[in-house]
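To start, the structure itself, in structure tokens.
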Amino acid sequence: MTIALYPGTFDPVTNGHLDTAMRASRLFDTVVMAVFDLPNKNLLFSTAEREELLREATRDTPRIRVMSYSMLTVQFAREIGANVIVRGLRAASDFENEFQMAQINQTIDPGIEVVVFMASRQYTFLSSSTVREIAYLGGDVSGLVPAHIVTALEQKFTRRT
Ligand code: ADP
């Protein structure tokens with residue numbers, strides 16, 4: 001049985017992330033989407049919120065599981081018995097970072113293979129930061145994220161203003 005770990009910040013999860021996870025779940029028995037607890041980024045949603053939003057988004061997909069973690073990604077992969085790490089690539093601008101990370105992970109643990117999915121055409125422009133920015137400015141993000149995330153973003157920004 002192959003378990004694939006799909007790690008990310010997921011702040012919040014978008015239809016692009018979900019598309020990648022669905023495609024990965026056709027290749028691997030189980031895909032664990034794991035929310036990284038401590039990214040070096042300014043976060044809108046807490047780890048618990050990001051995890052809960054992700055759980056709701058993947059409720060009807062039994063091959064996709066949701067967890068969170070706060071250690072090295074390869075270490076976490078080992079801990080859950082995953083020998084594949086899934087990542088997504090949207091444009092050349094993603095490449096440098098993904099390439100570097102894959103090589104570092106490979107150096108730390110050569111037994112774990114990094115599999116990169118090319119973003120589907122309709123999601124190449126889509127990022128969590130774009131979604132946050134549009135929502136912050138009161139724009140419509142309903143085609144970009146699941147409905148419950150539209151609501152969560154509205155609540156977040158209403159509370160802040
Ligand atoms: P991270 O902080 O780990 O980059 P993200 O949540 O931004 O976390 O992204 C997780 C992974 O998903 C990354 O490999 C990223 O390139 C990929 N990704 C992000 N948006 C999309 C998208 N629209 N389509 C495909 N892959 C994506």
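As the structure is a computational prediction, the values presented were derived from the model and not from experiment. Quick note: numbers below take in every heavy atom, side chains included, and nothing from hydrogens, waters or symmetry partners.
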Surrounding CZ of Arg23 (heavy atoms of other residues, nucleotides or ligands, distance under 6.0 Å), is the total greater than 12? yes
For Glu113, look at atom CD and say whether over 12 heavy atoms of other residues, nucleotides or ligands are found less than 6.0 Å away. no
Is there a chain of hydrophobic side chains (I, L, V, M, F, W, Y, each step under 4.5 Å between heavy atoms) that links Met67 to Val86? no
Strictly distance-based, threshold 3.5 Å: is any side-chain N or O of Gln100 a donor or acceptor partner for the main-chain N or O of Asn97? no
Verify the cluster assignment for Met118 and Met22: are they in a single hydrophobic cluster under the rule of side-chain heavy atoms below 4.5 Å apart? no
Give, for atom CZ of Arg55 and atom CD1 of Ile64, the distance between the pair rounded to the nearest 0.5 Å. 13.0 Å
How close do Glu51 and Ser68 get, counting heavy atoms only, and between which atoms? OE1-OG, 3.1 Å
Taking a hydrophobic cluster as the set of Ile, Leu, Val, Met, Phe, Trp and Tyr residues connected by side-chain heavy atoms closer than 4.5 Å, whether directly or through intermediates, do Leu44 and Val131 fall within one such cluster? yes
Any chance you could measure Arg63, atom CZ, to Leu27, atom CG, to the nearest 0.5 Å? 9.5 Å
For Ser120, does its backbone N or O pair with a side-chain atom of Thr124 as donor and acceptor, under 3.5 Å? no
In terms of heavy-atom contacts, Arg65 and Thr30 come closest through CD-CG2, 4.0 Å
Going by the side-chain contact (heavy atoms from CB on, under 4.5 Å) test, name the single residue among Val114, Asn105, Thr107 that passes it with Val74. Asn105
Would a single hydrophobic cluster contain both Phe28 and Val66, if residues Ile, Leu, Val, Met, Phe, Trp and Tyr are joined by side-chain heavy-atom contacts under 4.5 Å? yes
Around atom CD of Glu133, are there more than 12 heavy atoms from other residues, nucleotides or ligands closer than 6.0 Å? no
Please evaluate residues Asp11 and Ser128 with respect to the criterion side-chain hydrogen bond (donor to acceptor under 3.5 Å, both in side chains), reporting the C-alpha separation (whole Å), side-chain torsions for both, the decisive distance (0.1 Å), and the verdict. CA-CA 6 Å; Asp11 185 36; Ser128 298; over 6 Å; no
Which atom pair, heavy atoms only, marks the closest approach of Ile3 to Ile80? CD1-O, 3.5 Å
Using the side-chain hydrogen bond (donor to acceptor under 3.5 Å, both in side chains) rule, take Arg50 and Thr47 through it: C-alpha gap first, then chi angles, then the decisive distance, then the call. CA-CA 5 Å; Arg50 286 179 285 138; Thr47 302; 3.0 Å; yes
Is Phe99 atom CZ crowded by more than 12 heavy atoms from other residues, nucleotides or ligands, each under 6.0 Å away? no
Heavy-atom neighbours of Asn42 CG exceed 12 at 6.0 Å: no
Evaluate Ser127 against Thr130 for side-chain hydrogen bond (donor to acceptor under 3.5 Å, both in side chains), listing each step before the verdict. CA-CA 5 Å; Ser127 66; Thr130 308; 2.7 Å; yes
Could you give the distance from CG (Asn15) to CD (Gln122), rounded to the nearest 0.5 Å? 9.5 Å
Step by step, would you call Leu144 with Phe125 a side chain to side chain contact (heavy atoms under 4.5 Å, CB included)? CA-CA 10 Å; Leu144 310 177; Phe125 67 95; 3.9 Å; yes
How many angstroms lie between CD1 in Ile85 and CG in Leu5, if you round to the nearest 0.5 Å? 5.5 Å
Which distance, rounded to the nearest 0.5 Å, do you find between the CG of Asp109 and the CD of Gln75? 10.0 Å
Hydrophobic clustering (ILVMFWY, side-chain heavy atoms < 4.5 Å, transitive) - are Leu89 and Ile112 grouped together? yes
So do Tyr69 and Pro7 actually touch side chain to side chain, heavy atoms under 4.5 Å? yes
For the residue pair Ala34 and Phe10, what are the closest heavy atoms and their distance? O-CE1, 3.5 Å
Main chain of Ala119, side chain of Asp19: is a donor-acceptor contact present, judged purely on distance under 3.5 Å? no
Of all heavy-atom pairs between Phe117 and Ala24, which one has the smallest distance, and what is that distance? CZ-CA, 3.6 Å
For Ala135 and Val141, which heavy atoms make the closest approach, and how far apart are they? N-CG1, 4.0 Å
